[in-house]
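Single-structure report; data block below.
We use all heavy atoms of the structure for the numbers below, so side chains are in, but hydrogens, waters and symmetry mates are not. All chains are named by letter (A, B, ...) in the order of the sequence lines, taking the proteins before the strands, and each is independently numbered beginning at 1. These figures come from a predicted structure and were not determined experimentally.
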Amino acid sequence: MLSRFRHECVLLGRWTLLTPILILLGFAFIIRLLLFIQRGDVVRVMTASLEMFLPLSVGMVISTISTQDTALELQLTLPESYASTVFYRITIVILWTALVACVSTLVIRALHLWPDITQLKAYGPPISFLAMQLVWIAPTLWFAALSLFLSLLLRSSLVSGTLVGAIWLIEIIAHSLFATTSWLRPVFFMATTYAPTAAFWMSNRFELITTALVLLLLSWQLLHQTEARLRSAKGEE
Amino acid sequence: MEHLAVFSGACRHEFRMQLHRQAMWLTFFPLALIIAVLGIGTPNNAIIALLTNPAKKSLLGEILDWAHIINMVFPIGVGIVLADRVQRDRQTRVEELLETTPAQVSARILGKYLGSTGATLIPVIGFYLFGILLLALQQHSVFALLQAIPVFLLTIVPGMVFVSAFSLTCPVFMRMPLYWFLFLGYWFWGNLLPPSSGIPSLSSTILTPLGGYISVGFFGGTAYPIFSATPLQAGESLLLLLGIAGLVILFLCLFLQRQHVRK
């Protein structure tokens, strides 16, 4: 099991594993700069790193690894299903990002840069710490599931990457629209950055996670469509 | 003359290849659909305001607003769709084949750049004209198209040309997911970050492919986050975007030529 895990980590590459660390280190540098020049909302920038940029990076990575496997034909002949192999890989990516994000949360809390989320004030320390992780868990799972689903449905990592990026950007441009329109709130992944005091924050997090689980279930079904997987060959997008 | 023949051949081929590329249409169609759904399903937003014109803006003002909406989102599609064009030649071993021909690298790359960018702008033009048609019907004016052409050429094309130059060049030096992430991060930081955020940014400078200075300076509109600009600043912005795009493509040509010589 350990050798399988090591092999999959080698396949993912060191840059995939370094990405969440580099993103958060980059934002730590930006925060240091903002504190030095005494400008900008430091808490919002730190929240954005966990809620906006980390999930985007996970989405970009997963849209690439889910459709590009040079040994696909070989994988399809193995007793273990290709679906479980893909899910194993994305689980590594998500769990690694989760570990980095958890450590970052502890550091951000220690530096008193954590956003003031109104709905979390009702909970005591152990539960509020767990609930705090919803800031990054919900959007990360949502972007991972959306990227995987779109990559498999459209059989193209490029189209999936573009659509995920466009959705990310459109929500930033129209964040007030997403926050004030009821049917858009379930897909509003930046509630902590732009609306931490909103009454819908907790329900928004669970709606994102529920949507992610539904998309993952649909992706599982798509991964069993062998012919479709073989048709999404690299370089023919 | 030979270089011109290579350039025009490459340009035509890349244009046709990109036009027939399923991934490009699969990218832009859902993008247009998302914008349309947000425009129809949410009251009082920019697209509804554009189509109903409650503020009674002029036709040119509405065309500029429509161009600004397109400029905010569609460059993402253009940038990512073009990102694999040079890398794809390497992956499919076509580059090795092309290097055995006497065709100069710079002529091929320039043809690839202009041809693939031109083809990628076709769906953007389609969506832009769709909006112009609606505006023409709303304002009962046949002059919408006449006004739409210079707005497109001056506010949308320079930004797209700028973005596509970097999209062809940067992935030669980095992996695709990393480029996508950096490009999206740049687009937010360098074009859409509000000046009020306090974070140093390029978003209110003349170096924004969003075309704010060009739109305001040449046509007198408003393009957030730019609210005032002179025609001189607009001209500077236009020349800067095109100039940097040219330099980036020149760098790519020189780099690939050097790689070819070393082999």
Just wondering, are more than 12 heavy atoms of other shown residues or ligands nearer than 6.0 Å to [atom1] in [X]?
{"X": "Arg32(A)", "atom1": "CZ", "value": "no"}
{"X": "Phe130(B)", "atom1": "CZ", "value": "no"}
{"X": "Phe5(A)", "atom1": "CZ", "value": "no"}
{"X": "Phe87(A)", "atom1": "CZ", "value": "yes"}
{"X": "Phe173(B)", "atom1": "CZ", "value": "yes"}

Contact check, side chains of [X] and [Y], non-hydrogen atoms, under 4.5 Å:
{"X": "Arg21(B)", "Y": "Leu158(A)", "value": "yes"}
{"X": "Phe28(B)", "Y": "Thr162(A)", "value": "no"}
{"X": "Leu192(B)", "Y": "Leu169(A)", "value": "yes"}
{"X": "Met60(A)", "Y": "Leu178(B)", "value": "no"}

In Å and rounded to the nearest 0.5 Å, what is the CG to CD1 distance from Asn191(B) to Ile173(A)?
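If we round to the nearest 0.5 Å, Asn191(B):CG and Ile173(A):CD1 are 9.5 Å apart.
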Could you measure the distance from the CD1 atom of Ile35(B) to the CD1 atom of Ile170(A)? Nearest 0.5 Å is fine.
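So the gap between those two atoms works out to 5.0 Å.
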Closest non-hydrogen atom pair between [X] and [Y], with its separation:
{"X": "Val159(A)", "Y": "Ala23(B)", "answer": "CG2-O, 3.4 Å"}
{"X": "Pro200(B)", "Y": "Leu34(A)", "answer": "CD-CD2, 4.3 Å"}
{"X": "Ser157(A)", "Y": "Trp180(B)", "answer": "O-CH2, 3.4 Å"}
{"X": "Pro177(B)", "Y": "Thr64(A)", "answer": "CG-OG1, 3.2 Å"}
{"X": "Leu31(B)", "Y": "Ala166(A)", "answer": "CD1-CB, 3.0 Å"}

Chain B contact via [X] - side chain, backbone, both or neither, heavy atoms under 4.5 Å:
{"X": "Ser57(A)", "value": "both"}
{"X": "Thr19(A)", "value": "neither"}
{"X": "Phe53(A)", "value": "both"}
{"X": "Leu154(A)", "value": "both"}

Pick from Ile80(B), Leu26(B), Ile76(B), Val73(B) with the largest number of heavy-atom pairs that fall under 4.5 Å of chain A:
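The residue among Ile80(B), Leu26(B), Ile76(B), Val73(B) with the greatest pair count is Ile80(B).
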Contacting region of Ile34(B) [heavy-atom separation from chain A under 4.5 Å]:
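It is the side chain, since no backbone atom gets that close.
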Tell me whether the rings of Trp168(A) and Phe188(B) are parallel (<30°), tilted (30 to 60°) or perpendicular (>60°).
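The arrangement is perpendicular - the two ring planes meet at more than 60°.
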